[in-house]
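Note on naming: letters A, B, ... go to the chains in the order of the sequence lines (proteins, then strands), and numbering restarts at 1 for each one.
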Number of protein chains: 2
Amino acid sequence: MIIDPSADDRLDHAFMALADPVRRAIIARLSRGPATVNELAEPFAITKQAVSKHIQVLEHAGLVTRTRDAQRRPVHLDAAQLEALTAWIDRYRLIHEQQFRALDALLAQAPGPEAGASVATETGDHL
Amino acid sequence: MIIDPSADDRLDHAFMALADPVRRAIIARLSRGPATVNELAEPFAITKQAVSKHIQVLEHAGLVTRTRDAQRRPVHLDAAQLEALTAWIDRYRLIHEQQFRALDALLAQAPGPEAGASVATETGDHL
DNA sequence: TCATTGATCAACCATGTGATTGATTAAACG
DNA sequence: CGTTTAATCAATCACATGGTTGATCAATGA
């Protein structure tokens, strides 16, 4: 149905997908190799159907893919989307760090008690 | 109310907080320095109350803090929690990469067509 | 063919989320 | 004091999410 989901939507779904401890546990498990729905459901006190839904959420978020092996549908981690998430976070984390360094430099240069200047080094937004 | 929120809960809230484009835009803005609710609300076509709620979500997730300046309540980015998120993601992203490297090494060592071994290098879980 | 196994589909329910409008608190200003 | 400004509180609403049970589909194997 969806032709070209915007980068925004992909981030929405991916972050949302990780906002659930069951789905994070599934990601943790899959980081060690593919697994079937039954194998993934085994550690949890919820039904297989619920786990199946969680996997669909992860798949829709682009975090996992499913192949086919007879009746089994093994789930594989797709690390590319995880990388996109760290990329987003780090982008703003690093800008924030730079602001602090810039402010430090300013205070070191002009050590008067009136230095209430706003730190505003312009950078393109991209959301 | 909450005394010691588990690391799990903190991750839940933080990932959930980033699963909304408005809140990500707020984070992006705050990476360049503190801002008031009115300033943060200005670019959006939603009410100030809605933005105030978004900020509460971010605050509850430990991603921002609020100080006081007369009637204003400036919002500041708190990058520590962002770091916790990248730490979680990278943990499993890197384990996954290692699996691939281990598998590659195996295939290189024994290039027979029957190499269907499961890759299972044990590592402690932590969710 | 028929039963078994693996997984999804469908309907339903409780709860949570994002948004709204209207009222309220709190500090500064005249 | 009363007014303006900044922001939150409260009630409400539509809709999404996470879970359940029961039925169904699809491939294997006796």
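Between Met16(A) and Gln56(B), the residue whose closest nucleotide on DNA chain D is further toward the 5' end is Gln56(B). Looking at which nucleotide of DNA chain C each of Arg23(B) and Lys53(A) is closest to, the 5′-most match is held by Lys53(A). Both Arg68(A) and Arg73(B) lie close to DNA chain D; mapped to their nearest nucleotides by heavy-atom distance, the more 5′-ward contact belongs to Arg73(B).
When distances are taken from the side chain of Ala50(B) to each of dA27(C), dT20(C), dA7(C), the shortest belongs to dT20(C). For Arg72(A), whose side chain is taken as the heavy atoms from C-beta onward, the closest listed nucleotide among dA7(C), dC9(D), dA7(D) is dA7(C). Counting only heavy atoms from C-beta on, Gln49(B) has its side chain closest to dG22(C) among dG19(D), dG22(C), dT20(D). Among dG6(C), dA27(C), dA7(D), the nucleotide with an atom closest to any side-chain atom of Ala70(B) is dA27(C). Among the nucleotides dT20(C), dA26(D), dG19(D), the one closest to the side chain of Ile46(B) is dT20(C). Checking dA27(D), dA6(D), dT20(D) against the side-chain heavy atoms of Thr47(A) singles out dT20(D) as nearest. Across dG19(D), dA27(D), dC9(C), the shortest atom-to-atom separation from the side chain of Gln71(A) is found for dA27(D).
When the C1' atom of dC9(C) is taken as reference, atom NZ of Lys48(A) falls 13 Å away, rounded to whole Å. What separates CD1 of Ile55(B) from C1' of dC9(D) is a distance of 15 Å, to the nearest Å. One atom, CG of Asp20(B), and another, P of dA16(D), lie 14 Å apart when rounded to the nearest Å. Regarding Arg24(B), its CZ atom lies at a distance of 12 Å from the P atom of dG18(C), rounded to whole Å. Rounded to a whole Å, the CG atom of Asp69(B) is 11 Å from the C1' atom of dA6(D). Atom-to-atom, CG of Asp9(B) to P of dG16(C) comes out at 13 Å; the value is rounded to the nearest Å. Atom pair Asp12(A):CG and dT17(D):C1' shows a separation of 15 Å (rounding to whole Å applied).
In terms of phosphate contacts, His54(B) brings no side-chain nitrogen or oxygen within less than 4.0 Å of OP1 or OP2 of dT17(C).
At a threshold of 4.5 Å between non-hydrogen side-chain atoms, the residues Ile89(B) and Leu18(A) count as touching. Side-chain atoms of Leu40(A) and Arg29(A), non-hydrogen and from C-beta on, do get closer than 4.5 Å to each other. Between Trp88(B) and Leu85(A) there is no side-chain heavy-atom pair separated by less than 4.5 Å. Side-chain contact check for His13(A) versus Leu63(A): every heavy-atom pair is 4.5 Å or farther apart. Two residues are said to be in side-chain contact when any heavy atoms from C-beta on lie closer than 4.5 Å; Arg73(A) and Val37(A) fail this criterion.
When each of Val64(B), Ile55(B), Leu58(B) is tested with Leu30(B) by the rule side chain to side chain contact (heavy atoms under 4.5 Å, CB included), just one qualifies, namely Val64(B).
DNA chain C is contacted by no residue of residues 34-44 of chain B, taking any non-hydrogen atom closer than 4.0 Å.
Applying the side-chain hydrogen bond (donor to acceptor under 3.5 Å, both in side chains) test to Glu59(B) and every residue at least two apart in sequence or in another chain returns Arg66(B).
A distance below 6.0 Å separates the ring centres of His96(B) and Phe100(B).
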